[in-house]
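Down below is the structure, laid out as structure tokens.
Order of the sequence lines sets the chain letters (A, B, ...), proteins ahead of strands, with each chain counted from 1. Side chains are part of it too, since the values below use all heavy atoms of this structure and drop only hydrogens, waters and symmetry mates. Predicted model only: the values in this text are computed from it and were never measured.
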2 protein chains.
Amino acid sequence: MLDRVNFQTNKTGELDLLIGERAFWSDFRYLRGAEIFGEAEPAEYVYKIRSGSVRTFKLLPDGRRQIGAFHLPGDIFGVESGEVYRFTAEAIEDTTVWIAKLRRIFGECADENVPASKDVLKLIARSLQHAENHLLLLGRQTSLEKVAAFLTEMDQRLHSPAVMILPMGRRDIADYLGLTIETVSRVFSILERERILSFEGLRHREIVLHSRAKLARLALFSELKLEYRGSRDSNLARGLAV
Amino acid sequence: MLDRVNFQTNKTGELDLLIGERAFWSDFRYLRGAEIFGEAEPAEYVYKIRSGSVRTFKLLPDGRRQIGAFHLPGDIFGVESGEVYRFTAEAIEDTTVWIAKLRRIFGECADENVPASKDVLKLIARSLQHAENHLLLLGRQTSLEKVAAFLTEMDQRLHSPAVMILPMGRRDIADYLGLTIETVSRVFSILERERILSFEGLRHREIVLHSRAKLARLALFSELKLEYRGSRDSNLARGLAV
DNA sequence: CGTCACCTTGACTGTAATCAAACATGGTGG
DNA sequence: CCACCATGTTTGATTACAGTCAAGGTGACG
């Protein structure tokens, strides 16, 4: 699956500090679905996405999956403070990354490399903040709130484009939000019926948001109950009207 | 609520580095239920528990609560890389802490303080690991698996005592696991019926674990379904026999 | 044009939530 | 010392949100 394209050096500048020296970044390419690294493998490299997108996740023995984060162009992932990766990373679509060796932060010579550990701290602190917010979402929010939060997050990370193109499928969204694909699909349909979003073209991954304000309100707190039978939008409309 | 006991200096040794200088730690005491710091408040201090226990949590506007972590004697909490606390912290029971000013890690003079930022990194990395594991639990595990995982975690953190005394009530456990108190209580009852644990004395917070191995297996992966009506342990027994 | 992957929708089920009541515990003050 | 009350836990009955099972649609690609 892994398709190595070339080995030219790339000076990213902003990331040189992370590895403590003028870095030689290599260009790698992964095909859709390819594993970039596996959970519990030695954490040798850090990655920065040039194009494409990546999911990082954990698995239970029976295959249940929890996606911890999506990584988009410009994002750095695979930064660990320990010896091993704590997630598996896979390319969601064909993806190109810059890759570089990460010096062990807790190694004997770590003290020499102050700026590096500062950068690592920043990155890890950002991951922590994201994870902590996600705890609240997974533990205490409804399916509608979860999907609304997901759309709001993606909208912001993609810089609120006129048409948001989601790289990931319903399965990935479901595993990110702790739901099933059917529930995700139903919530999308409800949001479409309520004119909060619409689908552009025929692919259902291209989305136009019609009311970011409503969406953000739903993401944070909604009294909304999904209607599975009976009139389809009585409770829904009530919830959305908040 | 806050009850300041004294202001004597305490040299903890292991934590001096964290604040970058020989530290003057103050002793503070909080009564049961007292707020130690609030979410979004400026993060001025770090705390180390001398006795008692603390919960850190986030709230939704309607009061839904997600507890991110429990902190026990010896634990350090309140370490932030940013300007503000990202959780609220409350004393679960009457609690005594050591408190110290945390130098801003990302301040202008941060470079001078290499060991401190290394310590902060360690602490934050540990928090991140805990949070990431908790994502999988909240998003993809059943009520039984959640409670089993909670008991296993507490057992380990309390060093597997003969009788485990839980400082927190069912409400806290529920808000940690993304469940209700009733569901937590029902799962405890099932585990008692299955002779995996029993309650010591009359308080139902003192627990004896009879099979840590079974519990650990349940925590990671169980086919078990709760039986709410009908014969009480048919499916249960099947699940537990794995 | 047929197959495959992905998405949606419908019918029904089940796990955990909600609503409700009983019981235990522990502290307080009479 | 005990009655009383607030708090916390268990248990039962029922509900509901999301899951499961199943079918059908659509687009991509060979």
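- One end of the helix from dC1(C)-dG30(D) to dG30(C)-dC1(D) points its axis 30° away from the other end's axis, with each axis taken from 5 pairs and the angle rounded to 10°.
- If you measure from atom CD1 of I190(A) to atom P of dT9(C), you get 10 Å, rounded to the nearest angstrom.
- Checked against side-chain contact (heavy atoms from CB on, under 4.5 Å), P161(A) has the following partners two or more places apart in sequence or in another chain: D155(A), L158(A), M164(A).
- By the side-chain contact (heavy atoms from CB on, under 4.5 Å) test, E153(A) is found to be paired with H130(A), R157(A), Y176(A), residues two or more places apart in sequence or in another chain being considered.
- In this structure, the CZ atom of R140(A) is 16 Å from the P atom of dC17(D), given to the nearest Å.
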Pairs: protein N or O with nucleotides 20-28 of chain D N or O, under 3.5 Å:
residue: dT20(D); atom: O4; partner: R186(A); partner atom: NH2; Å: 2.8
residue: dC21(D); atom: N4; partner: E182(A); partner atom: OE2; Å: 3.0

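- Heavy atoms of L179(A) sit under 4.0 angstrom from primed sugar atoms or phosphate atoms, though from no base atom.
- The residue S185(B) sits close to a base: some heavy atom pair falls under 4.0 Å.
- Remark: the backbone N or O of L137(B) is not paired with any side-chain donor or acceptor of E145(B) at under 3.5 angstrom.
- At the phosphate of dG8(D), neither OP1 nor OP2 sits under 4.0 Å from any side-chain N or O atom of H204(B).
- Residue R32(B) places at least one side-chain N or O closer than 4.0 Å to OP1 or OP2 of dG8(D).
- When each of F37(B), F28(B), W98(B) is paired with Y47(B), the ring pair (Phe, Tyr, Trp, His ring centres under 6.0 Å) condition holds for F37(B) and for no other.
- Contact check, R171(A) against dT8(C): no side-chain N or O comes under 4.0 Å of OP1 or OP2.
- Nucleic acid contact class of G178(B) (heavy atoms, under 4.0 Å, all strands): sugar-phosphate only.
- Distance from the side chain of T142(A) is smallest for dA18(D) among the nucleotides dA18(D), dT10(D), dA16(C).
- Note on residues 196-205 of chain A: pairs passing salt bridge (Lys or Arg N to Asp or Glu O under 4.0 Å), not counting sequence neighbours, are R203(A)-E206(A).
- Applying the side-chain contact (heavy atoms from CB on, under 4.5 Å) rule to I181(B) yields the partners R170(B), R171(B), A174(B); only residues at least two apart in sequence or on another chain are considered.
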